[in-house]
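Everything on this sheet refers to the single structure shown next.
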Amino acid sequence: MRILVTGGAGFIGSHLCERLLAEGHHVLCLDNFLTGDEENIAHLISNRSFELIRQSIVDSLELNGSLDTILHFASPASPPDYLKHPIETLKVGSIGTLNALELAKSKKAKFLLASTSEVYGDPLVHPQPESYWGNVSSIGPRSVYDEAKRFSEALTMAYHRAHGLDTRIVRIFNTFGPRMRKEDGRAIPNFITQALSGRPITVYGNGSQTRSFCYISDLVEGIRRLMDFNFHDPVNLGNPEEKTLLDLAKIIVRLTRSPSPLVFQPLPTDDPKQRCPQIQQARQKLNWAPKISLEDGLKETIAWFSKGIV
Ligand code: UDP
């Protein structure tokens with residue numbers, strides 16, 4: 001297959017490119033490197049089945065030749081990144097998604113949207129099933145990402161209904177692993193880099209908020225299965241093992257044998273208090289469940305971050 005991955009030089013995008021190349025597909029990786037990183041795809045550049053297109057999907061894109069599938073992963077995705085790039089985030093979720101869908105329509109390609117657990121906002125239903133409509137602020141700081149992704153979902157369903165486009169929507173919950181940027185500001189890269197360099201571990205609020213962390217290889221496997229499964233409604237992918245942020249910080253301190261103290265800092269505005277995926281649909285339809293435990297995934301991630309921090 002000839003597959004376009006938008007955001008292909010990002011954390012998740014680059015792991016997807018790698019997996020698809022390993023399966024023998026031809027991969028077009030589109031990235032404007034706003035939050036993507038050349039390093040993530042450096043080992044793929046010499047592969048003759050890999051092509052890099054340096055541009056944003058917000059700018060119109062004309063491609064020669066056939067295209068079988070588009071995986072639309074382009075977007076800033078960490079809260080500090082989308083707070084720093086609010087307009088770019090809204091543009092890539094709206095104009096970017098429109099351009100990607102138009103391309104899929106003209107090429108008669110399958111289209112898979114990377115959506116997010118942020119569509120549930122600060123959820124009032126726990127754990128979150130796909131049927132939950134969410135509790136989202138349309139004007140708060142996180143709205144630039146949350147509403148862009150909600151719009152992307154709406155647009156994807158509209159193309160499916162109006163044009164019969166063969167679409168998929170994956171709602172990705174917190175995912176971690178090698179190739180997260182150490183400065184991307186999310187909890188796991190922050191805690192690991194702080195622990196490895198002996199700096200204080202910054203827990204926001206009192207650390208009682210929860211998240212559920214999925215290792216990257218599990219996520220990629222789920223996405224791969226969803227690509228091949230004929231189903232158009234959103235599917236949650238994430239690890240249902242829920243942890244408080246305080247527990248996460250303590251686990252990372254223990255695994256790194258770090259002398260770092262924990263320090264408590266203000267909770268960001270609209271920070272969701274709890275988040276955990278209900279993954280019944282993925283279990284039943286895709287026969288998928290995460291295999292890597294939080295601790296095993298953290299060990300791999302710590303080993304990877306250790307290489308960059310001397
Ligand atoms: N967080 C924290 N310390 C940090 C970074 C994040 O306590 O240095 C908290 C953050 O407030 C949130 C949780 O960790 O409650 C997960 O944040 P992250 O940015 O990783 O992703 P989110 O789930 O908010 O998109």
Side-chain angles (χ1 to χ4, degrees), residues 10-12 35 73 75-86 89 93 114-123 126-128 134-137 140-150 170-216 219 236-253 256 258 260-277 294 297-298 301-302 305 309:
F11 162 50
I12 297 175
T35 57
F73 279 71
S75 178
S78 90
D81 280 341
Y82 56 72
L83 296 182
K84 191 163 143 207
H85 303 291
T89 302
S115 186
T116 167
S117 53
E118 284 283 328
V119 301
Y120 302 121
D122 189 4
H126 193 72
Q128 293 81 56
N135 177 39
V136 179
S137 163
R142 298 175 87 99
S143 66
V144 297
Y145 186 62
D146 302 8
E147 295 291 21
K149 288 293 187 182
R150 289 172 69 95
V170 54
R171 290 187 179 150
I172 300 170
F173 283 65
N174 295 62
T175 300
F176 72 102
R179 299 196 198 134
M180 293 185 97
R181 278 164 37 243
K182 65 178 189 300
E183 70 285 4
D184 100 346
R186 281 184 272 206
I188 287 184
N190 274 6
F191 291 173
I192 292 179
T193 51
Q194 290 161 347
L196 290 176
S197 56
R199 284 179 288 126
I201 312 280
T202 55
V203 176
Y204 300 159
N206 61 11
S208 64
Q209 70 272 30
T210 68
R211 294 293 187 274
S212 311
F213 298 96
C214 185
Y215 191 62
I216 182 68
L219 180 81
N236 287 341
L237 290 181
N239 192 321
E241 185 188 347
E242 190 178 357
K243 284 271 176 287
T244 67
L245 266 292
L246 190 58
D247 281 344
L248 176 72
K250 288 178 182 164
I251 294 169
I252 290 175
V253 167
T256 52
S258 173
S260 295
L262 304 188
V263 294
F264 293 87
Q265 295 188 350
L267 197 64
T269 309
D270 295 340
D271 197 279
K273 283 181 275 305
Q274 52 182 6
R275 181 183 288 158
C276 181
L294 177 62
L298 283 174
T301 311
I302 289 166
F305 272 98
I309 299 170

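Side chains are part of it too, since the values below use all heavy atoms of this structure and drop only hydrogens, waters and symmetry mates. Both ligands and their constituent atoms are indexed starting at 1 by order of listing.
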For atom 14 (O) of ligand 1, the closest protein heavy atom turns out to be L245 CD1, 3.2 Å

Polar side-chain atom of T256 near backbone of A195 as donor-acceptor pair, under 3.5 Å: no

CZ of R186 to CZ of R211, rounded to nearest 0.5 Å, is 11.5 Å

Considering non-hydrogen atoms of the protein only, which is the closest contact for atom 15 (O) of ligand 1, and what is the distance? D271 OD1, 2.6 Å

Looking at OG of S115 and CG of L237, how far apart are the two atoms once the value is rounded to the nearest 0.5 Å? 11.0 Å

Please confirm whether G185 comes under 4.0 Å of ligand 1, counting heavy atoms of the residue only. yes

Could you tell me which atoms of ligand 1, counted from 1 in the order shown, lie closer than 4.0 angstrom to a heavy atom of E118? 25 (O)

Donor-acceptor contact present, side-chain Q128 to main-chain N236, <3.5 Å: no

Contact check: F191 vs ligand 1, nitrogen or oxygen atoms, below 3.5 angstrom: no

Give yes if a backbone or side-chain nitrogen or oxygen of Y82 is under 3.5 Å from a nitrogen or oxygen of ligand 1, and no if not. no

Which atoms of ligand 1 have any heavy atom of T202 under 4.0 Å away? 2 (C), 3 (N), 4 (C), 7 (O), 8 (O)

Nearest non-hydrogen atom to atom 2 (C) of ligand 1 belongs to which of F264, Y204, F213, Y145? Y204

Could you tell me whether some N/O pair between R211 and ligand 1 is separated by less than 3.5 angstrom? yes

M180 and G177 have their tightest heavy-atom pair at CG-O, 3.3 Å

So which protein heavy atom does atom 20 (O) of ligand 1 come closest to, and at what separation? A187 N, 2.9 Å

Examine N174 against ligand 1 and note whether any of their N/O atoms are separated by less than 3.5 Å. yes

Tell me whether T210 contacts the main-chain N or O of R275 through its side chain, where contact means a donor paired with an acceptor under 3.5 Å. yes

Distance col, row F213:CZ vs L245:CG, nearest 0.5 angstrom, shows 5.5 Å

Please check this pair: side chain of K149 against backbone of A114, looking for a donor-acceptor N/O pair closer than 3.5 Å. yes

Which heavy atom of P123 sits nearest a heavy atom of P272, and at what distance? CD-CB, 4.3 Å

I need the atoms of ligand 1 closer than 4.0 Å to a non-hydrogen atom of N190, numbered in the order shown. 4 (C), 5 (C), 8 (O)

Backbone N or O of D81 within a donor-acceptor pair of the D184 side chain at under 3.5 Å? no

So, R142 and E118, do they make that salt bridge, N to O below 4.0 Å? yes

For R275 and ligand 1, answer yes if some heavy atom of the residue is under 4.0 Å from a ligand atom, otherwise no. yes

Is the contact between P79 and ligand 1 made by the side chain, the backbone, both, or neither, using heavy atoms and a 4.0 Å cut-off? side chain

Please work out, at 4.0 Å between heavy atoms, whether the side chain, the backbone, both, or neither of R142 comes within that distance of ligand 1. side chain

Heavy atom of the protein closest to atom 9 (C) of ligand 1 (residue, atom name, distance): Q209 NE2, 3.8 Å

Ligand 1 contact on P268 by region, counting heavy-atom pairs under 4.0 Å: side chain

Should the proximity of R186 to ligand 1, defined as any heavy atom under 4.0 Å, be assigned to the side chain, the backbone, both, or neither? both

Just by distance, do the side chain of S75 and the backbone of F73 share a donor-acceptor pair under 3.5 Å? no

V203: numbered ligand 1 atoms lying under 4.0 Å from its heavy atoms: 7 (O)

